[in-house]
Amino acid sequence: MTTRQEAIRAAGAAIAEAYAQLDELPVEEAARAAYTPTGPPLAELEQRIRARRGLDTRESGAA
């Protein structure tokens, strides 16, 4: 039986792997891969990805 801690570790590893794979894609492709109909629009996803990658300073608090 899987313990709660093992399940948390496994989920964390899966999330880390997904981010690593998305980081290898161009921003536009990563946004399309992350898009869901009930989530943010593609343009917002692209902006968030650029900010997370340090490519866009608008979301990081710089004016």
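Keep in mind it's a predicted model, so treat the numbers as computed, not measured. Numbers here are sequence positions counted from 1.
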- Query: Could you give the distance from CG (L55) to CD (E46), rounded to the nearest 0.5 Å?
  - Reply: 12.0 Å
- Hey, what do you get for CD1 (I8) to OG1 (T3), rounding to the nearest 0.5 Å? 8.5 Å
Identify each donor-acceptor pair in which a side-chain atom of residues 24-42 lies under 3.5 Å from a protein atom, sequence neighbours left out, and give them as a table.
unit_1: E28; atom_1: OE2; unit_2: R50; atom_2: NH2; d: 3.1
unit_1: T36; atom_1: OG1; unit_2: G39; atom_2: N; d: 3.3

- Do the non-hydrogen side-chain atoms of R48 and R52 ever get within less than 4.5 Å of each other? no
